[in-house]
Amino acid sequence: MTDRAETPTNFIRQIIDRDLAEGKHDGKVVTRFPPEPNGYLHIGHAKSICLNFSIAESYGGVCHLRFDDTNPETESEEYVEAIQRDVAWLGWQWHGEVRYASDYFDLLHDCAVELVRLGLAYVDTQRPEEIARQRGDFTTPGQDSPFRERPVEESLALFARMRQGEFEEGEAVLRAKIDMRSPNMNMRDPILYRIRKKTHHQTGDKWCIYPMYDFTHPISDAVEGITHSLCTLEFEAHRPLYDWTLDKLEGFLASRDSIPARPRQYEFARLNLNYTVTSKRKLKQLVDEKYVSGWNDPRMPTISGLRRRGYTPAAIRRFCDMVGVARADSVVDMGMLESAVRDDLNATAPRAMCVLKPLKLVIENWPEGHVEMLSAPLHPQNEEMGSREVPMAREVLIDQADFQEQANKKFKRLVLGDEVRLRYGYVIRATEVIRDAAGEISEVRCTYDPETLGRNPEGRKVRGVIHWVSAEHSVPCEVRMYERLFTEASPDRMEEGVLSVVNPESLQVMSECRVEPALAGASPGSRFQFEREGYFCVDEDSEPERLVFNLTVGLRESF
RNA sequence: UGGGGUAUCGCCAAGUUGGUAAGGCAACGGGUUUUGAUCCCGUCAUUCCCAGGUUCGAGUCCUGGUACCCCAUCCA
């Protein structure tokens with residue numbers, strides 16, 4: 001990228017500006033990115049990551065990485081590792097060690113006990129169905145549990161037994177005593193702890209009771225000194241519970257630890273991108289049902305998929321700046337993401353020539369066996385990137401799409417009888433078409449003009465410039481061309497489900513490609529612009545003898 | 001249906017005490033160009049969900065509508 005655009009302001013930064021002006025939090029800003037390790041990070045998470053980390057960065061604060069690991073049923077160490085890798089790859093550095101909500105299980109437990117002591121929580125020994133029934137619905141107020149007024153000592157004893165494993169899953173829960181008639185469903189005596197006899201990826205078998213998100217999050221934030229707790233809009237209705245928890249526990253927490261700040265939760269709209277999905281559940285479905293090769297399939301909007309596709313951290317961060325942060329639900333055009341990578345790769349990717357569907361050209365007036373090394377810059381605007389040598393020989397390969405036996409003037413490529421320039425080389429003229437037994441064009445005979453290297457022919461204009469490789473010197477490779485994963489702009493809205501609109505042509509493998517010899521041995525991850533085609537990167541499946549490239553994004557086309 | 005939100009150009013999104021609509025993406029013209037790329041220049045909301053009202057003046061204030069999103073997991 002040539003110039004790193006200033007991060008635009010947004011309502012959250014304005015809130016922070018105001019807080020700072022009022023002298024809150026001693027001028028400190030501490031944020032956190034709190035993923036649940038139950039899936040891979042996707043582009044939507046990137047927005048949250050960039051928001052949290054860039055705010056910390058620009059206000060001289062810090063940002064924590066904290067795993068919200070309160071549900072051992074769906075979480076795993078595999079995800080914990082992948083998430084750290086992705087955040088780091090995006091270029092952000094979390095403050096201190098990685099944190100886990102499970103680090104606070106002892107504290108959380110004590111907080112729960114305290115709430116019981118304060119008469120603000122109780123153990124409910126009803127079955128889940130009964131609790132759900134009593135919760136009521138949007139129009140019907142809930143009903144108090146018959147155990148709501150259970151004596152404190154009894155709840156304390158019961159909670160201790162829950163912890164000892166004396167109850168089976170579903171036999172008892174700890175509930176907050178708030179208001180069963182609240183219009184906010186989240187306040188109808190929400191469950192604080194439930195029994196799960198599962199091994200936890202961090203705490204092993206130490207616990208068989210696990211705290212719920214709503215109870216865990218505010219306490220974790222407070223303990224870490226988070227000043228601004230940023231989350232997505234769907235948690236808005238949970239904010240009263242977040243505040244309730246901290247209000248009730250304020251004294252207790254202050255007596256145990258010195259709580260440096262009273263965190264506040266602010267919500268922003270999550271990122272939606274058209275022609276894809278950003279829901280861990282749906283992405284997991286694509287993986288599990290083999291619609292893609294894995295979480296890092298280059299078609300996936302996951303961070304790991306984008307990385308394999310050839311996206312750069314800079315491009316993703318740029319994109320996040322471009323979309324902004326607001327409270328209105330929105331769907332961002334995939335074109336904006338693509339624009340962000342093109343912008344970055346245009347400036348940084350060395351150029352190369354690759355022929356996707358080869359068509360042989362024989363230059364009849366080019367001496368047999370003669371090879372000429374042509375110098376070609378690696379970047380048209382940046383000489384500092386240097387240059388490479390491109391061998392020119394009697395037989396060259398061009399793309400089938402770059403030749404037509406006849407065409408109108410709009411066609412700026414090779415036409416029988418007309419001239420075109422071979423990029424970095426000579427002007428050639430197509431003189432004859434040779435066909436095979438099936439009538440298909442097998443080669444095109446040409447002549448070249450030796451006076452046209454580095455200068456234009458006099459008195460005539462060539463139709464255009466096309467890319468090419470030497471038939472003898474080029475190296476065979478595979479190029480994987482990608483299109484959008486879904487055929488509908490809003491796969492989420494499909495009644496038949498997202499799987500019904502997966503694009504059957506989202507992956508097109510071109511296996512007869514030829515790339516110029518300078519790219520032989522290119523290592524996985526390296527990125528190039530194949531001139532007139534697009535940006536490509538070497539896939540992890542690539543081997544020295546068999547290069548494999550992924551299309552990151554095509555060049556902009558206007559004609 | 002009760003509660004909580006949001007509505008500014010095709011898509012994002014600024015607009016902070018009311019003063020006469022930023023920017024990006026896309027699109028469309030034109031120029032440069034040995035990438036139909038890049039780059040450059042230009043066009044692109046008399047109008048801010050709708051309807052009233054207050055005001056010299058409203059996207060910004062008031063009233064009343066409409067549309068869409070979120071919440072009824074012992075998920076996060």
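Every heavy atom of this structure was used, including side-chain atoms; hydrogens, water molecules and symmetry mates were not. Letters A, B, ... mirror the listed sequences (proteins, then strands); counts begin at 1.
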Check ion pair E488(A)-R493(A) (N to O, under 4.0 angstrom): no
Sugar-phosphate only, base, or nothing, as touched by G335(A) at under 4.0 Å among non-hydrogen atoms: sugar-phosphate
Neighbour count >12 (heavy atoms, 6.0 Å) for atom CZ, R181(A): no
Closest listed nucleotide, where the reference is the side chain of S558(A) and the choices are rG36(B), rC12(B), rU35(B): rG36(B)
Side-chain N,O (R270(A)) to OP1/OP2 (rC12(B)) below 4.0 Å: no
Phosphate contact (rA76(B) OP1 or OP2) by R194(A) side-chain N/O below 4.0 Å: yes
Ring-ring centroid check Y311(A) F319(A), cutoff 6.0 Å: no
Sugar-phosphate, base or nothing in reach of R175(A), heavy atoms under 4.0 Å: nothing
Phosphate-side-chain proximity, R135(A) and rC74(B), N/O vs OP1/OP2 below 4.0 Å: yes
Electrostatic pair R455(A):E451(A) at N-O distance under 4.0 angstrom: yes
Nucleotide nearest R532(A) when distance is taken to its side chain, options rU35(B), rC25(B), rC74(B): rU35(B)
For rG59(B), the Watson-Crick or wobble partner whose two distances fall under 3.5 Å: none
Distances under 3.5 Å only, N/O to N/O: pair up the protein atoms with those of nucleotides 5-8 of chain B.
residue : atom : partner : partner atom : Å
rG5(B)  : O3'  : R327(A) : NH2          : 3.2
rU6(B)  : OP1  : R327(A) : NE           : 3.3

Under-3.5 Å donor-acceptor pair between Q529(A) side chain and rU35(B) base: yes
Y213(A) over rC75(B), stacked by centroid distance under 5.5 Å, angle under 30°: no
Distance-only donor-acceptor check, side chains Y79(A) and Q84(A), under 3.5 Å: no
Check nucleotides 41-45 of chain B against the protein and report each pair of N or O atoms closer than 3.5 Å, with its distance, or say if there are none.
none

rU38(B) phosphate, OP1 or OP2, under 4.0 Å from R342(A) side-chain N/O: no
Any I195(A) side-chain heavy atom under 4.5 Å of E168(A) side chain: no
side-chain N/O R421(A) vs rU35(B) OP1/OP2, d < 4.0 Å: no
N or O in side chain of T70(A) less than 4.0 angstrom from rA76(B) OP1/OP2: yes
Q381(A) vs rU32(B): side-chain N/O to OP1/OP2 distance below 4.0 Å: no
Under 3.5 Å on both distances, the Watson-Crick or G-U partner of rU35(B): none
Proximity to the side chain of V465(A) - top-ranked nucleotide from rU35(B), rC11(B), rG3(B): rU35(B)
Geometric class of the Y213(A)/F235(A) ring pair [parallel <30°, tilted 30-60°, perpendicular >60°]: tilted
Ring centers of Y424(A), H467(A) separated by less than 6.0 Å: no
Complement of rU43(B), any strand, by Watson-Crick or G-U distances under 3.5 angstrom: rA27(B)
Cationic N near anionic O, under 4.0 Å, R194(A) to E169(A): no
Sub-6.0 Å ring centroid separation between F536(A) and F530(A): yes
Watson-Crick or G-U counterpart of rC68(B), or none if no pair lies under 3.5 Å: rG5(B)
